[in-house]
Amino acid sequence: MSILQMIFAVSMAAWFLSEFLYKNILKSGEADTKGKDRSTLNFLWIAIPFSIISAVIVSDYTKVPIAGGNRILYLGEAFILTGIVVRFIIIRSLGRYFTVDVTIRKDHVLKKEGFYRYLRHPSYSFSLLTSLGLGLYLNNWLSLVLAFLPPFIAFSYRIAIEEKTLIEQFGEEYLEYRKKTKKLIPFVY
């Protein structure tokens, strides 16, 4: 096993472990406004594992390379690591207001600084960067589509639900903030 393959295996384990811990530790509490999630968390927990497993299986059985050589593998692994680490930083920066289910915390404040100055959903952006990295690391066009598209669809659904909840909570303040920021890609989308 090469060093890159070992790093890939460790990063995939870290990705799974971090998401598992987020899901089990960062849930809404008793005092939080609940009932807003509309199963988006369940949808994500179906879409993301499905995308990972299917992308890996497809890469084992088909050869539709994105690029020749190993550079694509290094780029993919760099995206995976960046996605995991920056998502962790973003979650920490949001502090007690981050929950894995769509909810409004008591005394909730709309965060507009740091990554949130440019993106409304930066933790989703970097989760998707990790998925993109997986597809690139597997160096297979079909795997890239399977690694990225299901999580993108799941996050898009969640964003729609979450933004509706944020508009209900913050009204004009959120609408103004939304005009000045992008959803997932700075200055683009």
Side-chain angles (χ1 to χ4, degrees), residues 3-28 40-41 43-45 47-49 51-52 55-56 66 71-103 105 108-139 143-163 166 174 177-178 180-189:
I3 291 177
L4 181 60
Q5 289 170 322
M6 287 176 25
I7 293 170
F8 175 72
V10 168
S11 66
M12 292 303 291
W15 186 18
F16 173 78
L17 182 60
S18 65
E19 293 300 326
F20 179 78
L21 290 172
Y22 296 151
K23 182 180 185 292
N24 289 297
I25 295 172
L26 301 174
K27 293 181 180 176
S28 59
T40 65
L41 182 59
F43 193 38
L44 285 167
W45 271 91
I48 294 172
S51 71
I52 294 168
V56 170
I66 298 168
R71 287 183 183 172
I72 193 82
L73 306 179
Y74 287 98
L75 178 63
E77 184 56 33
F79 281 8
I80 291 169
L81 292 172
T82 301
I84 293 168
V85 170
V86 177
R87 179 167 156 78
F88 173 78
I89 292 167
I90 290 164
I91 289 169
R92 297 274 304 164
S93 78
L94 198 53
R96 70 179 204 88
Y97 298 118
F98 184 90
T99 59
V100 292
D101 48 333
V102 176
T103 191
R105 295 267 191 189
H108 203 109
V109 175
L110 187 60
K111 185 167 176 80
K112 300 179 199 173
E113 56 276 337
F115 288 97
Y116 291 89
R117 183 175 181 184
Y118 305 100
L119 293 173
R120 297 190 302 274
H121 307 282
S123 77
Y124 304 158
S125 296
F126 284 93
S127 185
L128 288 168
L129 183 66
T130 305
S131 296
L132 179 64
L134 172 63
L136 293 174
Y137 180 87
L138 295 172
N139 193 17
S143 294
L144 177 63
V145 169
L146 287 168
F148 187 79
L149 197 56
F152 179 79
I153 291 168
F155 279 121
S156 295
Y157 170 63
R158 183 179 183 103
I159 286 169
I161 300 301
E162 189 171 307
E163 291 204 344
L166 289 165
Y174 190 78
Y177 169 68
R178 195 163 77 167
K180 298 175 185 172
T181 55
K182 297 296 182 182
K183 282 183 193 178
L184 295 169
I185 304 171
F187 314 110
V188 178
Y189 173 75

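Only this structure's heavy atoms are used, side chains among them; waters, hydrogens and symmetry mates stay out.
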Atom pair CG (L134) and CD1 (I48), whose distance is rounded to the nearest 0.5 Å:
11.5 Å

Please say whether more than 12 non-hydrogen atoms of neighbouring residues, nucleotides or ligands are located less than 6.0 Å from OH in Y118.
no

Heavy-atom closest pair (G133 atom, I80 atom, distance to 0.1 Å) is C-CG1, 3.6 Å

Distance in Å, T99 OG1 paired with L41 CG, rounded so as to fall on 0.5 Å steps
9.0 Å

With a 4.5 Å heavy-atom cut-off, do L81 and I7 have their side chains touching?
yes

Determine yes or no for a side-chain-to-main-chain donor-acceptor pair under 3.5 angstrom, with S127 supplying the side chain and S123 the backbone.
no

Does a side-chain heavy-atom distance below 4.5 Å link V85 with I89?
yes

Go through W15 and I52 one step at a time and tell me if the side-chain contact (heavy atoms from CB on, under 4.5 Å) criterion holds.
CA-CA 11 Å; W15 186 18; I52 294 168; 3.6 Å; yes

Distance col, row T40:OG1 vs F155:CZ, nearest 0.5 angstrom, shows 9.5 Å

If you count every heavy atom of other residues, nucleotides or ligands that lies below 6.0 Å from L21 atom CG, does the total exceed 12?
yes

Approximate separation, where rounding is to 0.5 Å, of I90 CD1 and L119 CG:
7.5 Å

For F187 against K182, the heavy-atom pair lying closest together:
N-CG, 3.6 Å

Distance from L129 atom CG to I84 atom CD1, nearest 0.5 Å?
10.0 Å

For residues L184 and Y124, report the shortest heavy-atom separation together with the two atoms involved.
CD2-CB, 3.9 Å

Using modelled atom types only, decide if a donor and an acceptor are shared between the side chain of T82 and the backbone of F79 within a distance under 3.5 Å.
no

Trace of the side-chain contact (heavy atoms from CB on, under 4.5 Å) decision for Y137 with Q5:
CA-CA 10 Å; Y137 180 87; Q5 289 170 322; 3.8 Å; yes

Audit row: R87, S18, side-chain contact (heavy atoms from CB on, under 4.5 Å) steps and yes/no:
CA-CA 10 Å; R87 179 167 156 78; S18 65; over 6 Å; no

With a 4.5 Å limit on heavy-atom distance, are the side chains of L144 and L132 in contact?
yes

Give me the ring orientation class for F16 and W45: parallel if the planes are under 30° apart, tilted from 30 to 60°, perpendicular past 60°.
perpendicular

Backbone of L110 reached by a side-chain donor or acceptor of Y116 within 3.5 Å:
no

Would you call the rings of F115 and F126 parallel, tilted or perpendicular, where under 30° means parallel and over 60° means perpendicular?
perpendicular

Looking at K183 and E162, is any side-chain nitrogen of the basic one under 4.0 Å from a carboxylate oxygen of the acidic one?
no

Contact between E163 and Y174 at the side-chain level, heavy atoms closer than 4.5 Å - yes or no?
yes

Apply side-chain contact (heavy atoms from CB on, under 4.5 Å) to R96 and list each qualifying residue two or more places apart in sequence or on a separate chain.
R105, D107

For a 4.5 angstrom cut-off between non-hydrogen side-chain atoms, does S51 reach L149?
no

Any idea which heavy atoms bring I72 and L136 closest together, and the distance?
CG1-O, 3.4 Å

In short, L26 meets D101 closest at the heavy-atom pair O-OD1, 4.4 Å

Using the rule given for side-chain contact (heavy atoms from CB on, under 4.5 Å), can you reason through I159 versus R120, listing the C-alpha separation, both sets of side-chain angles and the distance that settles it, and then say yes or no?
CA-CA 9 Å; I159 286 169; R120 297 190 302 274; 5.7 Å; no

Among E19, R158, K23, whose side chain to side chain contact (heavy atoms under 4.5 Å, CB included) with L44 holds?
R158

Of all heavy-atom pairs between A55 and S143, which one has the smallest distance, and what is that distance?
O-OG, 2.7 Å

